[in-house]
Amino acid sequence: MPRLPKGFRDIGASEIREQQAMLAKIRGVYERYGFEPLETPAIEYTDALGKFLPDQDRPNEGVFSFQDEDEQWLSLRYDLTAPLARFVAENFDKLPKPFRRYATGSVFRNEKPGPGRFRQFTQFDADTVGAESIAADAEMCMLAADTLEALGIARGDYVIKVNNRKVLDGTMEEAGLVGPDSSKRRLMVLRALDKLDKFSEQDVLLLLTVGRKDTSGDFTPGASLNEDAAERILSVVTQTRQYFVPSGDTDGAKQLNKAIEENATYNAGFEELTQIQAMVRAAGYDADRIRIDPSVVRGLEYYTGPVFEAELTFEVKNEEGQTVRFGSVGGGGRYDDLVARFTGQKVPATGFSIGVSRLQAALASLGKKSADTLGPVVVLVMDKGEVAAYQKMTQTLRSAGIRAEMYLGSAGMKAQMKYADKRGSPLVVIQGSDERANKQVTLKDLIEGAKAAAAIKDNKEWKEARPAQVTISETDLVSKVREILARHEA
RNA sequence: GCCGCCUUAGCUCAGUUGGUUAGAGCGCUAGAUUGUGGAUCUAGAGGUCCCCUGUUCAAGCCAGGGAGGCGGUACCA
């Protein structure tokens, strides 16, 4: 039995067309922001991609990897950022700094597929490399907002959430999580905080301390903080959120203080968030579009400063009538250490990435799906001895810019009609011996015909009525076909 | 990875306490209709009952193991 590897999928005509349209819109926005296109290969040396090293026991963990003939480990890219870091490191001297590029393509992850999550999917990234300025980060947020709106997502149906890793780091320092001994617990704290939009504060407190048992009976170990430290962390996060985006009246909010006054790391992150907020607000992006939210975590190790997450806020019902939240459809942030891995030289960089496939699924359920495009005009083969004449008509239509094909199978007329129907053809061209004798062709409008047919119950009448068809002179072929097509192009 | 549910025709699903030749609807193919996609009627094709092992005179049905799917959770560069 032929079958698809799990986590992969075939994509049909209408979805491809839709995706191409999306990519074009995204590209338009990225270009408008001044990014240049760059394409890098889908395969890199494994060590160029980062921390998934082939000298471990299982080089295939997370990434698809294999060895070439001289035993070097190669991997399929799992994102577009790591290859960018390689490219920048390799071409550093030639590139304009800051270097701004966009890239799109398939990325691959060797992990368990889930709902809306596949092992191959499309991302679309924009990155600025070599810019320390926080303005580069603010720009990414605005780019993200503009892109989602260009794709037809209404203001209010999405939000770009912004945080700063330094704020979280400072918060954890305050709670006593310092030094290499605590690095494991710091990761657990970050994971726990990331759940704030999903679980209650009570549950997050459990995750910070003793651990939590979920409804399926699975137990998630906690970060084993003591109560005080856990509550401190949580309250810093919620207070910081209050400071930037106050719920309720804005006047009262102005009274709020930032949560920690004395921690240098926290203050640095806080200051950057303040600047980002000031810049995007000055450019006219309000909290309904770009919002500071200190519970955003994103990837665990990699980010060093601001992080962004593009989230869809609307809910949608699936086939079973359950409400589904799509959540994150993109994200990014500042990764100042990525290029340094190759050159040793610290190169500041910031970027944003859209999960195209996921976003497309979300748009589809939002009802934004474009109508199926019409199939080609089909020229029927009534008389196998006259194939050349049919082929010529087909070419005439093609030369006029009309999508057309001659029926290439071997079946009779009835089956050819069914074929045209299944292809979604708007009309067929018929020339039997009668028409040919008079230098005429018959055009049948399949869309009108289907409507007319609905009213006819009797087969004899159906046969004789021959609805929605017209016999014309051969010389009018192109103009009459255009006329019919024009009726169906809305 | 962990927990739960599921797997019978192309699709959606029936299938009795374990019993002889496994069904329906839709779809598909053909005919009724020398040259007309719909509707109607008729006929036909289509099955490793997810796989393996076991229990039994007998397994789609029971037991164990595995695979795949769905949902949750974990992970997510």
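Both backbone and side-chain heavy atoms feed into the values below; hydrogens, waters and symmetry mates do not. Chain letters run A, B, ... following the sequence lines, proteins first, then strands; residues in each count from 1.
If A:K198 and A:P5 are placed on RNA chain B by their nearest nucleotide, the residue sitting closer to the 5' end is A:P5.
For RNA chain B, runs of at least 3 consecutive pairs of the Watson-Crick or G-U wobble type, with both hydrogen-bonding distances under 3.5 angstrom, map to B:1-7 with B:67-73, B:10-13 with B:23-26, B:28-32 with B:40-44, B:50-54 with B:62-66.
Of the P atoms belonging to B:A58 and B:G68, the separation is 32 Å, rounded to the nearest Å. Taking atom P in both B:A24 and B:G46, the straight-line distance is 15 Å, to the nearest Å. B:G47 sits 33 Å from B:U56 when the P atoms are compared, rounded to a whole Å. B:A9 and B:U55 are spaced 28 Å apart, taking the P atom of each and rounding to whole Å. Rounded to a whole angstrom, the distance from the P atom of B:G25 to that of B:G71 is 31 Å. With both ends at atom P, the span from B:U21 to B:A59 equals 11 Å, rounded to whole Å. A gap of 23 Å separates the C1' atoms of B:G44 and B:C49, to the nearest Å. Spacing of C1' atoms, B:A74 relative to B:G4, comes out at 15 Å, to the nearest Å.
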Nucleotides 36-46 of chain B: protein proximity per nucleotide (B base, S sugar-phosphate only, - neither; heavy atom, under 4.0 Å): BBBB-------
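Cation-pi geometry between A:R101 and A:F35 is not satisfied (NZ or CZ under 6.0 Å from the ring centre, within 45° of the ring normal). Remark: A:R86 fails to qualify as a cation-pi partner of A:F342 under the 6.0 Å distance and 45° angle criteria applied to the six-membered ring.
Using a 3.5 Å distance cut-off with no hydrogens or angles, the side chains of A:T220 and A:R212 do not pair a donor with an acceptor. For the residue pair A:Q120 / A:S106, a side-chain donor-acceptor distance below 3.5 Å is found, with atom types taken as modelled. A:Y335 and A:D127 share a donor-acceptor pair across their side chains, judged by distance under 3.5 Å alone. With no hydrogens or angles considered, a side-chain donor-acceptor pair links A:D137 and A:T350 at under 3.5 Å. Remark: the A:Q440 side chain and the A:T471 side chain contain no N/O donor-acceptor pair separated by less than 3.5 Å.
B:G35 atom C1' lies 13 Å from atom CD of A:Q431, rounded to whole Å. Regarding A:L190, its CG atom lies at a distance of 14 Å from the C1' atom of B:C75, rounded to whole Å. Here B:A74 presents its C1' atom at 11 Å from CG of A:L207, a figure rounded to the nearest Å. Separating the CG atom of A:D79 from the C1' atom of B:C75 is a distance of 16 Å, rounded to the nearest angstrom. In this structure, CZ of A:R436 is placed 12 Å from C1' of B:G35, rounded to the nearest angstrom. Atoms CG (A:D203) and C1' (B:G72) sit 14 Å apart, rounded to a whole Å. The CG atom of A:L206 sits 16 Å away from the P atom of B:U73 (whole-angstrom rounding). Rounded to whole Å, atom P of B:G72 lies 14 Å from atom CZ of A:R212.
Within the 6.0 Å centre-distance limit, the rings of A:Y30 and A:F124 are counted as a close aromatic pair.
Counting non-hydrogen atoms of other residues, nucleotides and ligands closer than 6.0 Å to CD of A:E132 gives a total of 12 or fewer.
Contact check, A:R191 against B:A74: no side-chain N or O comes under 4.0 Å of OP1 or OP2. Contact annotation: A:R109 does not reach the phosphate of B:C75 (side-chain N/O to OP1 or OP2, under 4.0 Å).
No engagement by A:Y335 is indicated, since no non-hydrogen atom pair under 4.0 Å with the nucleic acid exists. Looking at heavy-atom distances under 4.0 Å, A:K451 makes no contact with the nucleic acid at all.
Residues forming a side chain to side chain contact (heavy atoms under 4.5 Å, CB included) with A:E15 (at least two apart in sequence, or on another chain): A:R9, A:I11, A:Q360.
Looking at A:D383 and A:R436, a side-chain N of the basic residue comes within less than 4.0 Å of a carboxylate O on the acidic one, giving a salt bridge.
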